[in-house]
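Single-structure report; data block below.
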Amino acid sequence: MVLPLVNLCAKEVVSDHSSSPGWLGCVPRELYRPLLEAAFTNCRPLAVGELVQRWPERTLRAGGRRQGQSPPNRLCVQALLLAVVRGLSDKRCALQVLDLCGLQCEEGGVGDPMGGWSLTVALSTMVVQARAAAQKALGREGERERKRVLAMERERDVVKRERGGGLEEGEGGGLLVESVRKEKEETSGCLREDQQVKGVRRRMEMERRKESAAVAGGKGEADSEVDSEVVVCVRADLFVNARSWERVRAALGTTGPLKLQCRYVRVEELSVSSIGSLLDLLPRHVLLGVDIRYSCLGVAGLALLLPQLSMFPMLSSLRLHYCNLDIRRDMAGQEGAMKDMSQGLGKLSQLRRLSLTALRLPGHLRMLLSSFPQPLEVLELPYLSLTPADLSYLSCSPHASSLQQLDLSENRLDELALPSMRRLLSQASSCLMQLSLSGCGLTDGMLAAMLPSLSCCRGLKSLGLALNPLSLAGLLDLVRTAVRMPSLRQLLYPNPLEDYQPGLPPMPSSAQLLDWPLDELVEVHEATSLQLDRVVMESGRSDLLLTCDLLNYNKDLVEQ
């Protein structure tokens with residue numbers, strides 16, 4: 001990739017920190033952004049701090065990395081946060097909105113980036129410390145003002161005594177005392193009047209902001225608008241678990257110069273009551289997505305949370321992973337709670353993405369999805385123990401013709417499910433872009449029956465079929481079909497049964513395929529790769545990526 005000239009120059013400028021006093025005072029505001037990007041890219045935390053502390057624009061966005069761009073180094077992110085706090089007292093800084101959404105990544109990645117949990121803790125600490133510093137500065141200012149008033153009063157008393165000493169007792173002295181008294185009353189009266197005027201203006205301004213916020217919608221938003229102490233709004237994606245919960249709660253409940261706003265929140269291992277308390281603290285019109293993982297909710301617990309989620313008008317994504325919604329056991333009240341949950345989901349009017357992982361809800365897909373007032377665009381249902389009846393409903397539902405991403409991994413498919421799967425693929429053929437059927441028990445015969453419907457998905461870009469018991473012949477048929485799909489960019493294929501060591505069962509499960517060792521002979525794997533590469537080469541498809549690597553496969557890398 002050829003870098004523009006301005007980027008090359010910016011890299012050279014930030015590389016030498018000793019020269020920063022020379023260029024910081026004269027650099028035009030248009031160059032601040034490329035300089036900051038160069039400081040992030042080349043890991044120059046000192047330059048990051050100096051640029052952010054005097055940031056000349058109202059908005060600074062440091063998240064939302066482009067494809068192939070590495071995340072900022074942890075030291076650079078810490079320098080950015082410290083500079084934001086320092087910039088609160090720097091008159092050169094015009095920053096009002098700091099957008100860090102999408103900045104975090106997995107912990108411990110290449111280059112020591114800052115993970116989601118670490119970034120959340122750092123942001124929460126920054127907000128609380130900024131509030132404490134503001135209170136301390138306000139206390140110092142109040143103390144200085146008090147000393148100034150006392151000094152003025154002492155000076156006035158001295159003048160009064162000096163004037164009083166040169167007059168005789170009687171009428172002259174009385175007139176002087178009276179004039180001083182009137183002067184003090186007039187001064188205090190003017191101060192009270194001025195304070196009253198300021199108070200009226202303050203109330204009028206608060207009412208005006210409150211009314212405008214109410215028109216925009218929501219009392220919670222109005223409350224945030226009338227907080228005149230806020231200097232910078234910090235938008236971020238938060239990762240909250242039991243270790244960070246108290247600190248996040250303190251930050252969200254703090255009023256001060258920094259206000260923390262959340263776009264996507266990921267919650268792990270929190271109770272229903274704690275999750276509810278967290279939702280109460282989040283601004284209503286900012287939250288777009290909620291991701292709850294490894295929390296023992298139960299159907300009743302989720303039914304309690306859904307009314308709170310419906311209070312967020314922009315919520316478009318709900319993800320529940322391993323939240324123990326198992327209703328296969330005969331428990332009193334489960335069916336009623338299931339209906340409450342269905343009704344609660346129906347109130348999420350803007351929801352477009354629903355992910356339910358390992359919730360074990362066989363036979364209840366109709367109840368879950370039929371309540372939505374609009375079709376879903378992303379539906380992820382791995383490890384859900386779907387039945388043929390569930391797939392039959394899905395293939396005929398309003399969601400089928402709107403799905404852009406569908407994940408049915410680890411749901412065992414059989415011959416009874418094939419008609420529903422073909423109908424589902426036909427309904428979604430015009431819009432489906434990502435499909436995952438990994439670990440579904442697809443054999444050569446079942447896959448051959450599905451390939452005609454699969455090839456009709458003209459917009460499909462990513463296809464995952466790992467951990468299915470296919471032979472080499474079945475795999476070759478799959479690749480021949482894949483190369484005839486012009487939009488397809490990634491294919492995650494399974495290792496053929498011939499590549500495994502002897503002893504594998506005739507119909508192995510996905511868990512057995514995952515654990516069973518592959519043949520140690522290099523010639524076996526090379527023979528498979530050569531045959532697949534030959535099919536791709538003969539088709540002229542240099543833009544199609546074939547991989548069997550489960551660990552490094554990422555369907556989201558495909559450009560939408």
Side-chain angles (χ1 to χ4, degrees), residues 1-123 125-127 129-130 133 231-237 258 554 557 559:
M1 182 180 67
V2 179
L3 293 176
L5 180 60
V6 65
N7 291 17
L8 292 173
C9 293
K11 177 182 177 181
E12 187 66 24
V13 168
V14 300
S15 62
D16 183 11
H17 182 257
S18 62
S19 65
S20 60
W23 57 262
L24 271 173
C26 60
V27 63
R29 58 180 297 171
E30 293 82 6
L31 295 180
Y32 268 74
R33 195 168 296 276
L35 285 170
L36 182 62
E37 291 179 358
F40 275 131
T41 303
N42 298 279
C43 190
R44 294 289 184 262
L46 295 177
V48 169
E50 291 177 334
L51 289 166
V52 173
Q53 183 174 339
R54 57 179 76 193
W55 191 252
E57 301 176 6
R58 295 183 58 200
T59 302
L60 169 57
R61 184 174 184 184
R65 301 185 307 276
R66 294 185 295 271
Q67 183 177 355
Q69 185 180 12
S70 59
N73 181 274
R74 183 185 300 266
L75 292 177
C76 291
V77 177
Q78 292 171 344
L80 182 148
L81 301 183
L82 290 174
V84 170
V85 177
R86 290 197 300 266
L88 295 174
S89 57
D90 194 328
K91 295 181 179 180
R92 297 165 298 184
C93 185
L95 185 63
Q96 296 182 15
V97 177
L98 175 64
D99 192 343
L100 301 178
C101 296
L103 178 65
Q104 72 279 6
C105 62
E106 295 298 326
E107 299 278 358
V110 178
D112 192 25
M114 181 169 281
W117 184 86
S118 299
L119 179 60
T120 299
V121 172
L123 286 172
T125 303
M126 177 185 70
V127 171
Q129 290 179 349
V231 178
V232 179
C233 289
V234 182
R235 299 171 183 169
D237 303 329
L258 298 180
N554 185 1
L557 292 179
E559 294 183 0

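Because the structure is a prediction, the values reported are computed rather than measured.
- Looking at every heavy atom in both residues, C93 comes nearest to G87 through CB-O, 3.6 Å.
- With sequence neighbours left out, the side-chain contact (heavy atoms from CB on, under 4.5 Å) criterion links V232 to L88, L95, L98, V234, L258.
- We find the CG-OG1 distance between N73 and T41 to be 11.5 Å, quoted to the nearest 0.5 Å.
- In this structure T125 satisfies the side-chain hydrogen bond (donor to acceptor under 3.5 Å, both in side chains) test together with R247, sequence neighbours excluded.
- For the atom pair CG (L119) and CG (L103), the distance works out to 5.5 Å, reported to the nearest 0.5 Å.
- With sequence neighbours excluded, no residue forms a salt bridge (Lys or Arg N to Asp or Glu O under 4.0 Å) with D16.
- For P56 against R29, the heavy-atom pair with the smallest separation is O-NH2, 3.3 Å.
- Residues forming a side-chain hydrogen bond (donor to acceptor under 3.5 Å, both in side chains) with E12 (at least two apart in sequence, or on another chain): none.
- Inter-residue side-chain proximity for V84 and W55 is flagged as unmet; no heavy-atom pair is nearer than 4.5 Å.
- Side chains of L36 and V14 form no contact here, defined as non-hydrogen atoms less than 4.5 Å apart.
- Between A79 and P45, the shortest heavy-atom distance links the atoms CB-O, 3.3 Å.
- In this structure, A39 and C76 approach most closely via the heavy-atom pair O-SG, 4.0 Å.
- More than 12 heavy atoms of other residues, nucleotides or ligands shown are found within 6.0 angstrom of CZ on R54.
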Does L81 form a side-chain contact (heavy atoms from CB on, under 4.5 Å) with V52? I'd like the steps, not just the answer. CA-CA 9 Å; L81 301 183; V52 173; over 6 Å; no
Under the side-chain contact (heavy atoms from CB on, under 4.5 Å) criterion, do R58 and V97 qualify, and how do the steps go? CA-CA 6 Å; R58 295 183 58 200; V97 177; 5.8 Å; no
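- The heavy-atom pair separating A62 from L80 by the smallest distance is CB-CD1, 4.0 Å.
- Judged by distance alone, with hydrogens and angles left aside, the side-chain atoms of D237 form a donor-acceptor pair with the main-chain N or O of G102 at under 3.5 Å.
- Using a 4.5 Å heavy-atom threshold, the side chains of W23 and L35 count as touching.
- Qualifying side-chain hydrogen bond (donor to acceptor under 3.5 Å, both in side chains) partners for R33, counting only residues two or more places apart in sequence or in other chains: E57.
- Every side-chain hydrogen bond (donor to acceptor under 3.5 Å, both in side chains) that E50 has, sequence neighbours left out, goes to H17, S20.
- The list of salt bridge (charged side-chain N to carboxylate O under 4.0 Å, His left out) pairs with a residue in residues 39-49, not counting sequence neighbours, is empty.
- Residues Q96 and T59 are not in side-chain contact: their nearest non-hydrogen atoms beyond the backbone lie 4.5 Å or more apart.
- With contacts defined as side-chain heavy-atom distances shorter than 4.5 Å, the pair L123/V127 does not qualify.
- Within the structure, the salt bridge (charged side-chain N to carboxylate O under 4.0 Å, His left out) test picks out the following pairs touching residues 75-90 (sequence neighbours left out): D90-R92.
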